[in-house]
Amino acid sequence: MTNVQTGAGVLAGDERMLIDGELRHTASGAKFDVIDPANEQVAGQATDGTVDDMARAVGAARRAFDESDWSRDLEFRYHCLTQLHDALERNQDRLRRVLVTEVGCPVSVSGSQIDSPIDEVKHWAEHGKAFEYLVDTGMHDTPMGPARRKIHYEPVGVVGAITPWNVPFYLNIAETVPALMAGNTVVLKPAQLTPWSGSEYGRIVAEETDIPPGVFNVVVSSANEVGGALSADPRVDMITFTGSTATGRAILAAGAATVKKTLLELGGKSAHIVLDDADFNSALPLAAMMACVMSGQSCILPSRILLPRRRYDEGIEILKTSMENFPYGDPWDPGNMQGPQISDGQRRKVLGLIASGIESGARLVTGGGIPEHLPVGYYVQPTLLADVDPDSRVAQEEIFGPVLTVTAYDSDDEAVAIANNSIYGLSGEVSGEDVERAFAVATRMRTGNVSINGKSHFGITSPFGGTKQSGLGRRNGAEGYQEYLEGKTIGMPA
Ligand code: ADP
């Protein structure tokens with residue numbers, strides 16, 4: 001939780017995009033509306049960039065990479081990213097107000113979406129400055145006599161970054177700052193529901209840093225085809241993407257023609273295995289909070305709770321109480337920790353999945369609909385579904401709502417099998433007093449990350465990513481930086 005001044009109210013962000021150093025509108029002047037999901041009103045507009053705007057942005061990024069010193073001047077990049085960090089700090093309150101307005105993220109929990117990513121800019125600047133770009137691997141025997149080999153780490157080139165709406169400012173930073181620090185040039189395509197978290201970033205870069213024209217571009221648009229154009233453009237060397245698995249597949253396919261390097265962080269359907277020796281009174285209220293705090297709009301949310309059959313009723317009761325008492329409503333009220341869903345379409349999707357769960361035999365324990373006391377805004381009640389069939393849609397598809405499903409299991413082996421019964425493999429959670437046993441269970445979950453007893457796996461210094469259809473590659477940690485570099489091995493005389 002952050003301690004912020006609230007009551008500042010709705011704030012419209014910058015309408016413009018950033019292409020080749022210029023803050024501009026699209027040539028036709030077309031704009032699209034940005035809806036505040038907490039009141040369903042138009043909060044403002046954004047310029048509606050086109051495929052032509054995207055082509056210009058990619059051209060500018062290509063030129064900046066090929067013709068400027070950006071990729072070779074580490075000191076200058078450090079200077080620019082330090083400036084960016086300071087500029088973002090100066091704009092912190094404005095960025096927070098834009099975030100609450102376009103996402104409906106409760107101001108009380110906006111720290112992880114605004115303050116943390118701003119700190120991460122500093123982290124990447126320092127990490128990149130200290131990184132060893134030339135590694136001497138010593139002498140190697142070859143048929144032609146001994147050779148010294150050095151590995152030179154070089155930027156990949158032009159990076160296209162495509163981001164979603166659930167944590168827009170954080171992901172705009174996470175996908176672009178390590179790329180820039182590593183010497184790449186970047187075109188960012190923010191999600192259409194949250195254009196301002198991207199356009200404000202572009203404005204700050206243009207007005208408050210020395211980052212040269214073309215090095216960083218932002219193209220906002222209401223059209224998916226503009227993201228499609230970025231992912232297919234032969235002048236782009238790498239795509240970094242966070243979003244749905246369906247869109248991730250389309251991006252992989254679009255990049256196949258030019259064999260683009262692709263970093264994908266996709267959907268999840270993470271399980272929380274609650275072992276029979278777990279402290280239910282600590283694990284389950286936390287599980288309920290995790291489900292509600294971003295209105296369930298988090299890819300790493302452990303949304304499938306697996307309870308041991310002999311303590312099943314006890315677990316359901318604790319989850320029910322926790323969800324019924326969760327504070328939600330107006331995101332500007334600092335007492336609330338859950339806001340609305342991002343859009344009417346997302347709310348309908350969530351309600352449809354809840355209904356499909358009930359149809360397939362699940363028991364609705366609490367919630368399940370639109371709260372009567374919040375008729376305006378895209379709110380969904382915190383919802384608990386018990387007796388959920390692990391093969392049913394509601395247990396297999398990502399819901400992205402404040403919904404927990406609960407399934408009983410009889411043995412640790414069965415719990416692991418249910419957890420792994422998913423096309424996804426992003427995160428997981430294990431709760432249990434015997435930490436060694438919990439750790440052993442964690443190692444059997446086919447996911448990229450696991451938390452035990454609420455101890456978070458997620459942070460800037462630790463690699464994060466998915467297995468199976470949850471993604472390719474890693475963000476964060478040393479691995480996350482190296483994704484934006486290619487190691488060139490050079491053989492040379494001793
Ligand atoms: P959601 O379905 O939850 O809106 P998506 O994964 O479709 O999430 O969207 C995430 C981002 O991907 C957005 O910026 C969106 O504009 C972009 N996008 C959607 N479709 C495509 C596509 N075919 N190619 C490239 N980007 C796309």
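A quick note: this is a predicted structure, and the numbers were derived from the prediction, not measured. Ligands are counted one by one from 1 in listed order, and the atoms in each one are counted from 1 as well.
- Ligand 1 places these atoms under 4.0 Å from at least one heavy atom of Gly243: 6 (O).
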Residue pair Glu483, Arg474: steps toward the salt bridge (Lys or Arg N to Asp or Glu O under 4.0 Å) verdict
CA-CA 7 Å; Glu483 295 277 3; Arg474 293 292 179 265; over 6 Å; no
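- Distances below 4.0 Å separate heavy atoms of Pro190 from the following atoms of ligand 1: 14 (O).
- Listed by number with element, the atoms of ligand 1 under 4.0 angstrom from any heavy atom of Gly227 are 24 (N), 25 (C), 26 (N).
- Atom-to-atom distance recorded for Asn166:CG and Gln346:CD is 9.5 Å, nearest 0.5 angstrom.
- Side-chain contact between Pro168 and Val103 is present, with heavy atoms from C-beta onward closer than 4.5 Å.
- Looking at atom 14 (O) of ligand 1, its nearest protein heavy atom turns out to be Thr163 O, 2.8 Å.
- Note on Asp387 versus Arg363: salt bridge recorded, some NZ/NE/NH1/NH2 to OD/OE distance being below 4.0 Å.
- Closest protein heavy atom to atom 18 (N) of ligand 1: Thr247 CG2, 3.6 Å.
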Take Glu200 and Arg94, measure what salt bridge (Lys or Arg N to Asp or Glu O under 4.0 Å) needs, and give me the verdict at the end.
CA-CA 9 Å; Glu200 284 291 324; Arg94 181 177 171 82; 2.9 Å; yes
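- The single protein non-hydrogen atom nearest to atom 4 (O) of ligand 1 is Trp165 NE1, 3.2 Å, given as residue, atom name and distance.
- Annotation for Arg446: atom CZ does not count as buried by contact number, only 12 or fewer foreign heavy atoms lying within 6.0 Å.
- Within the 4.0 Å heavy-atom cutoff, Ala254 does not count among the residues contacting ligand 1.
- Given atom 10 (C) of ligand 1, the protein heavy atom at minimum distance is Phe241 CE1, 3.8 Å.
- Protein heavy atom in closest approach to atom 15 (C) of ligand 1: Gln192 OE1, 3.4 Å.
- Using a cut-off of 4.0 Å between Lys/Arg side-chain N and Asp/Glu carboxylate O, Asp119 and Lys122 are scored as not salt-bridged.
- Here the heavy atom of the protein found nearest to atom 17 (C) of ligand 1 is Ile162 CG2, 3.7 Å.
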Show every donor-acceptor pair shorter than 3.5 Å between a side-chain atom in residues 177-194 and any protein atom, with sequence neighbours excluded, or say none if there are none.
unit_1	atom_1	unit_2	atom_2	d
Asn184	OD1	Val156	N	2.8
Asn184	OD1	Gly157	N	2.9
Asn184	ND2	Ala179	O	2.8
Asn184	ND2	Tyr484	O	3.1
Thr185	OG1	Ala61	O	2.8
Gln192	NE2	Ser222	O	3.4
Gln192	NE2	Asn224	OD1	2.7

Could you walk me through whether Asp66 and Arg62 pass salt bridge (Lys or Arg N to Asp or Glu O under 4.0 Å), step by step?
CA-CA 6 Å; Asp66 293 339; Arg62 186 76 259 167; 3.0 Å; yes
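- Scanning Gly160, Gly345, Ala250, Gly267 for the heavy atom closest to atom 23 (N) of ligand 1 points to Ala250.
- Closest to atom 2 (O) of ligand 1, if we only count protein heavy atoms, is Ser244 OG, 4.2 Å.
- Nearest protein neighbour of atom 19 (C) of ligand 1, counting heavy atoms only, is Asn224 OD1, 3.1 Å.
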